[in-house]
Amino acid sequence: MTRDMQSRLGPRIGWSQVTPRADYLNRRQLMAGAVGLGLAGLAGPAAAKLTYIPSKYSTTETPNTLEEITGYNNFYEFGTDKSDPKNYSGQFQPEPWTVEIGGMVDRPGTWGLDDILKDVTLEERIYRLRCVEAWSMVIPWIGFPLKTLLDKAGVQPGAKFVAFETVMRPEEMPGQRARWIEWPYREGLRLDEAMHPLTILATGLYGDPLPNQNGAPLRLVVPWKYGFKGIKSIVKISLVPQEPKATWKMLQSNEYGFYANVNPKVDHPRWSQATERRIGAGLFGGRQETQMFNGYGEQVADLYKGMDLAKDY
Ligand SMILES: Nc1nc2c(c(=O)[nH]1)N[C@H]1C(S)=C(S)[C@@H](COP(=O)(O)O)O[C@H]1N2
Ligand SMILES: [Mo]
């Protein structure tokens, strides 16, 4: 039996799972009221530390529970099991944090995350997340468009791609002491993908700052791409003229491409991408069809006009 199967056979619904979500839904209603009254800056959700506004880009699908989102993760810096990030990220220190922005920008430099966040408006973005391993979730991220940060840095004309790197902390990240991955974890986007309004840097979820296992304190979320593009715990962002290195492509380029757009018609060499297992759907929930661009085609299909997505997978 696979580990996936085991997690589906355990007891699923208890008060510890139901209550936080009910709380959260109430808080969201409160929040919507506060925004309506123009009080967003004053009246944040009672138990949350972040203040944010809703977004038209959110799905109306029901989010996964906080337990699911924080207990079933891929974050190989903490280990390869789905439960490793939750179990081994407790010592990780996401504060203070700086992000280096460099390459082809007018204002290169290293900024404190607090400074960066001072003048951004946080939004809630409830997005589908589709892992390349054919499971999925719905996650209520809190974040802001990557474009906001890139505009602040001033992207120069020759820049064509954005490269990202995760922090190196082998003392706090046991997975980084294993050398089968060439750390740091790296990812990249084409500049137009990076500037797209759906592309966000997330700083929280369920109204609170990001848990360590989800990529505290700052991670990328690109909802129409496989989850591995969503690089966690980012310390470096560079504007570059050429396609940058990306960790999974470096490991196995015939299985993981640079684009990694969710595509039910282009199978992974070792499994079908036509359907997916929604975490939390339960033993009898069955599989659901995977949507082209993870259901965001209306917004992003134009980015890939004229490209052969079977070749540029
Ligand atoms: N630095 C880093 N970022 C990472 C990963 C990783 O191992 N290391 N895993 C990726 C994969 S495969 C997925 S599916 C998502 C999972 O995000 P989540 O655990 O917040 O759901 O993170 C991505 N970002
Ligand atoms: Mo993934």
Side-chain angles (χ1 to χ4, degrees), residues 3-4 7 63-89 92 94 97 99 125-143 163-170 172-176 178 180-189 199-206 208-237 245-252 255-257 260-262 268 270-271 273 276-280 290 294:
R3 192 174 301 109
D4 265 16
S7 74
N64 279 87
T65 65
L66 184 62
E67 286 204 352
E68 287 159 351
I69 295 168
T70 60
Y72 189 92
N73 302 96
N74 277 327
F75 199 167
Y76 278 27
E77 284 84 341
F78 293 107
T80 54
D81 280 8
K82 294 289 183 278
S83 54
D84 284 345
K86 182 194 178 103
N87 290 336
Y88 302 121
S89 65
F92 183 76
W97 195 264
V99 182
R125 299 282 185 106
I126 308 174
Y127 281 163
R128 288 176 292 276
L129 174 109
R130 170 60 157 80
C131 177
V132 73
E133 296 160 351
W135 54 265
S136 65
M137 295 203 203
V138 176
I139 303 183
W141 303 109
I142 310 291
F164 304 86
E165 286 184 19
T166 294
V167 72
M168 281 299 292
R169 297 261 187 96
E172 293 179 1
M173 296 175 138
Q176 282 184 341
W180 62 280
I181 288 177
E182 194 190 312
W183 308 107
Y185 193 100
R186 286 164 250 220
E187 259 306 338
L189 294 172
T199 303
I200 60 166
L201 288 170
T203 61
L205 63 84
Y206 266 122
D208 285 320
L210 273 183
N212 287 344
Q213 59 265 46
N214 295 94
L218 186 75
R219 63 88 58 81
L220 183 67
V221 179
V222 195
W224 71 94
K225 293 178 178 286
Y226 291 121
F228 67 81
K229 298 296 286 184
I231 181 173
K232 295 176 169 181
S233 306
I234 297 167
V235 288
K236 193 170 173 191
I237 301 177
K245 285 184 174 181
T247 289
W248 284 99
K249 183 175 176 180
M250 288 161 75
L251 279 165
Q252 200 67 44
E255 298 190 352
Y256 309 100
N261 292 314
V262 175
H268 186 280
R270 290 183 281 127
W271 58 83
Q273 295 292 25
E276 65 199 53
R277 180 175 63 91
R278 179 62 56 83
I279 301 299
T290 289
N294 203 22

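Numbering of ligands and ligand atoms starts at 1, following listing order.
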Please report whether ligand 1 has a polar contact with Trp135, defined as an N or O pair separated by less than 3.5 Å (distance criterion only). no

For the residue pair Asn214 and Phe75, establish whether any side-chain heavy-atom pair is separated by less than 4.5 Å. no

Does the pair Glu133 and Lys82 meet the rule for a salt bridge (Lys or Arg N to Asp or Glu O under 4.0 Å), with working shown? CA-CA 12 Å; Glu133 296 160 351; Lys82 294 289 183 278; 3.0 Å; yes

With backbone taken as N, CA, C and O and side chain as the heavy atoms from C-beta onward, which portion of Glu133 lies under 4.0 Å from ligand 1: side chain, backbone, both, or neither? neither

Is there any N or O on Tyr76 that sits under 3.5 Å from an N or O of ligand 1? yes

For Gly230 and ligand 1, does the shortest N/O to N/O distance drop below 3.5 Å? yes

Can Glu187 be said to touch ligand 1, with heavy atoms closer than 4.0 Å? no

Nearest heavy atom to atom 6 (C) of ligand 1: which of Tyr185, Trp248, Tyr226, Tyr256 does it belong to? Tyr185

Are Asn64 and Ile139 packed together at the side-chain level, in the sense that at least one heavy-atom pair is separated by less than 4.5 angstrom? no

Between Tyr76 and Trp180, ring centroids under 6.0 Å: yes

For the rings on Tyr72 and Trp135, is their centre-to-centre separation under 6.0 Å? yes

Taking the side chain as everything from C-beta on, heavy atoms only, tell me whether Arg169 gets closer than 4.5 Å to Phe92. yes

Can you tell me if OH on Tyr256 sees more than 12 non-hydrogen neighbours from other groups inside 6.0 Å? yes

Which protein heavy atom lies closest to atom 9 (N) of ligand 1, and at what distance to 0.1 Å? Asn74 O, 3.2 Å

Heavy atom of the protein closest to atom 18 (P) of ligand 1 (residue, atom name, distance): Lys232 NZ, 3.4 Å

Given the options Val262, Leu129, Val222, Asn261, Asn294 meets side-chain contact (heavy atoms from CB on, under 4.5 Å) only with Val262

Taking N or O atoms only and a 3.5 Å limit, does Trp141 qualify as a polar contact for ligand 1? no

Which ligand 1 atoms are under 4.0 Å away from a heavy-atom of Cys131? 14 (S)

Rounded at 0.5 Å granularity, tell me how far OG in Ser233 sits from CG in Leu220. 12.0 Å

among protein heavy atoms, the one nearest atom 21 (O) of ligand 1 is Leu129 CD2, 3.9 Å

For atom 17 (O) of ligand 1, what's the nearest protein heavy atom and its distance? Arg219 NH2, 3.2 Å

With heavy-atom distances below 4.5 Å as the criterion, would you say the side chains of Gln213 and Phe78 are in contact? no

Determine whether the side chain, the backbone, both or neither of Thr166 has a heavy atom under 4.0 Å from any heavy atom of ligand 1. side chain

Among Glu77, Met173, Arg130, closest by heavy atom to atom 8 (N) of ligand 1 is Glu77

Note the single closest protein heavy atom to atom 15 (C) of ligand 1, along with its residue, its atom name and the distance in Å. Gly227 O, 3.5 Å

